[in-house]
Q: 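First the structure, then my questions, so here it is.
Basis for what follows: all heavy atoms, side chains included, without hydrogens, waters or symmetry-related copies. Just so we're clear, the structure is a prediction, and the values are computed from it rather than from any experiment.
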Amino acid sequence: MGKPVYMVSGSKGGVGKSIVSMSLIHYLSKRDEKLLLIDADTANPDVGKAYGKTVETVYINLDEKDGWMDLVNRLAVQPDETVVVNTPARSGVGVKLYGTLLTESMQELGRELVTLWVINSQRDSLQLLKEYLDTVGGHTTHVLRNLYHGPERKFELYNNSKIRATVEAQGKTFNFPEVADRISDLLHSERLTIEKVIEVAPIGNRAEVNRWVKECASVFDGVVA
């Protein structure tokens, strides 16, 4: 049985996919997992630029059919690496057109596909999620309410929706913790790893990173379990 493939998605910009990918990589690294990062956000590869020196990183364009074939081929030749796929804002179109190249290969690959779908409190997050589930049905999808966009009660459109029931019939809903803007800026603008931020940050900033990392770990414990 190959290692799992974690697809961090959301299909729209600004929901927090990159920071979820970074925190997941940090979490899995602390578990001594051998990692492969697929950064499909080729236009703005924050995650790849931050982690490319410490984690094996491949850039693949999932807007194109060839990219999806390259992804499946990479999964076939590196079955012992746990894979994190960071997707771009525009990923919904590529998934709809070519996503079955991946989903229909997972059984033969002997790997589990787990999606972490990051949402904000807006309605289009739900519509994009529905379209995604129509393509990846049969595989596990968890929803992460990114609390950067507000407390849990602000996600009432999702909280009271039929799509939530669909998600929780096969996956879970988690609250992804907010981190201070100054930390988020270091991760995105300076393209530092979380480990590096902990190393160089002043004591107050470091305390905030450590708090956030601990709360992220509680989320990912539920995902990995």
Side-chain angles (χ1 to χ4, degrees), residues 1-11 15-41 47-48 50-52 54-60 62 67-88 91 94-95 98-119 129 132-146 166-176 193-195 213 215-225:
M1 188 73 176
K3 292 286 190 172
V5 178
Y6 295 102
M7 182 87 71
V8 181
S9 195
S11 288
V15 293
K17 296 183 297 296
S18 293
I19 202 164
V20 169
S21 293
M22 291 178 183
S23 59
L24 178 59
I25 292 168
H26 182 79
Y27 170 84
L28 293 170
S29 297
K30 291 300 182 182
R31 292 169 59 96
D32 294 324
E33 294 283 351
K34 187 177 181 182
L35 295 176
L36 171 63
L37 167 63
I38 305 290
D39 199 338
D41 192 354
V47 182
Y51 281 89
T54 58
V55 173
E56 182 180 2
T57 301
V58 177
Y59 297 94
I60 294 179
L62 296 183
W68 288 91
M69 291 189 288
D70 290 342
L71 172 58
V72 173
N73 291 339
R74 178 70 66 162
L75 298 180
V77 300
Q78 295 183 253
D80 297 328
E81 281 87 351
T82 299
V83 178
V84 176
V85 183
N86 179 61
T87 65
S91 63
V95 170
Y98 313 120
T100 55
L101 294 175
L102 174 64
T103 58
E104 293 180 3
S105 300
M106 295 306 294
Q107 184 173 357
E108 183 176 348
L109 290 169
R111 305 183 76 143
E112 180 186 9
L113 176 63
V114 179
T115 298
L116 304 182
W117 187 274
V118 189
I119 65 171
L129 173 56
Y132 183 81
L133 291 174
D134 288 342
T135 301
V136 302
H139 300 276
T140 302
T141 297
H142 303 298
V143 167
L144 274 60
R145 291 176 291 221
N146 188 354
T166 301
V167 167
E168 294 181 354
Q170 50 76 55
K172 298 178 181 178
T173 300
F174 298 97
N175 287 334
F176 185 76
T193 66
I194 293 171
E195 191 70 33
V213 164
E215 292 188 15
C216 289
S218 296
V219 172
F220 296 135
D221 283 343
V223 170
V224 171

Q: Nearest 0.5 Å please: distance from the NZ atom of Lys3 over to the CD atom of Glu112.
A: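 Between Lys3 NZ and Glu112 CD, I get 12.0 Å after rounding to 0.5 Å.
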Q: Could you tell me whether the side chains of Thr115 and Tyr132 share a donor-acceptor contact shorter than 3.5 Å?
A: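 Indeed, the side chains of Thr115 and Tyr132 share at least one donor-acceptor pair under 3.5 Å.
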Q: Can you tell me how far apart CG (Asp80) and CG (Leu36) are? Round to the nearest 0.5 Å.
A: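 Interatomic distance, Asp80 CG to Leu36 CG, rounded to 0.5 Å: 11.5 Å.
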Q: Which pair of non-hydrogen atoms, one from Met22 and one from Ala50, has the smallest distance, and what is that distance?
A: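 Result for this residue pair: CE-CB, 4.2 Å.
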Q: So which heavy atom on Ile60 is nearest to which on Gly67, and how close?
A: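 Result for this residue pair: CG2-O, 3.2 Å.
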Q: Does a side-chain heavy-atom distance below 4.5 Å link Ser23 with Ile194?
A: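 Contact flag for Ser23/Ile194 side chains = yes.
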Q: Quick one, Val167 with Leu133, criterion side-chain contact (heavy atoms from CB on, under 4.5 Å). Give me CA distance, side-chain angles, the key distance, then yes/no.
A: CA-CA 8 Å; Val167 167; Leu133 291 174; 4.0 Å; yes
Q: Say you draw a straight line from CG of Asn73 to OG of Ser105; how long is it, rounded to the nearest 0.5 Å?
A: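 Result: 9.0 Å between the selected atoms.
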Q: Would you confirm whether Glu195, through its side chain, and His26, through its main-chain N or O, come within 3.5 Å as a donor-acceptor pair?
A: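 Not a single qualifying donor-acceptor pair exists.
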Q: Which residue is it: Val5, Leu24, Leu116? I am looking for the one with a side chain to side chain contact (heavy atoms under 4.5 Å, CB included) to Val84.
A: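 The side chain to side chain contact (heavy atoms under 4.5 Å, CB included) with Val84 is passed solely by Leu24 among Val5, Leu24, Leu116.
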Q: Within the side chain of His139, is there an N or O that forms a donor-acceptor pair under 3.5 Å with the backbone of Thr103?
A: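 Yes; judged by distance alone, with no hydrogens or angles, the pair exists.
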Q: Looking at Thr87, Val15, Leu129, Val136, which hits side chain to side chain contact (heavy atoms under 4.5 Å, CB included) with Ser9?
A: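 Only one option passes, and that is Thr87.
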Q: Take Val224 and Tyr27 through the test side-chain contact (heavy atoms from CB on, under 4.5 Å) and record every step on the way to the result.
A: CA-CA 10 Å; Val224 171; Tyr27 170 84; 3.7 Å; yes
Q: Specify the closest pair of heavy atoms between Asn146 and Gly16, including all atoms of both residues, with the distance to one decimal.
A: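 Minimum heavy-atom contact is ND2-CA, 3.7 Å.
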Q: Looking at Phe174, Phe176, Tyr6, which hits ring-ring contact (aromatic ring centres under 6.0 Å, His included) with His142?
A: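 By the ring-ring contact (aromatic ring centres under 6.0 Å, His included) criterion, His142 pairs with just one of Phe174, Phe176, Tyr6: Phe174.
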Q: Test your reading of the model: is there a side-chain donor-acceptor pair from Gln78 to the backbone of Leu75, 3.5 Å cut-off?
A: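 No.
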Q: From Cys216 SG over to Leu144 CG, what is the distance, rounded to the nearest 0.5 angstrom?
A: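 Answer for the SG-CG pair, Cys216 versus Leu144, is 9.0 Å.
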Q: How far does CZ of Arg31 sit from CZ of Phe220, to the nearest 0.5 angstrom?
A: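 So the CZ of Arg31 and the CZ of Phe220 are separated by 11.5 Å.
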Q: Can you name the one residue among Thr57, Asp39, Asp41 that meets side chain to side chain donor-acceptor pair (under 3.5 Å) with Asn86?
A: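 That would be Asp39; it is the only one of Thr57, Asp39, Asp41 passing the side chain to side chain donor-acceptor pair (under 3.5 Å) with Asn86.
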Q: At their closest point, which heavy atom of Leu102 faces which heavy atom of Val72, and how far apart are they?
A: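 Between these two residues, the closest heavy atoms are CA-CG2, 3.9 Å.
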Q: Taking atom CD1 of Ile119 and atom OG1 of Thr173, what is their separation to the nearest 0.5 Å?
A: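 Here the interatomic distance stands at 7.5 Å.
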Q: Using the side-chain contact (heavy atoms from CB on, under 4.5 Å) rule, take Val95 and Trp68 through it: C-alpha gap first, then chi angles, then the decisive distance, then the call.
A: CA-CA 9 Å; Val95 170; Trp68 288 91; 3.9 Å; yes
Q: Of the non-hydrogen atoms in Ser21 and Val47, which two are nearest, and what is the gap between them?
A: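 Closest pair (atom of Ser21, atom of Val47, distance): CB-CG2, 4.1 Å.
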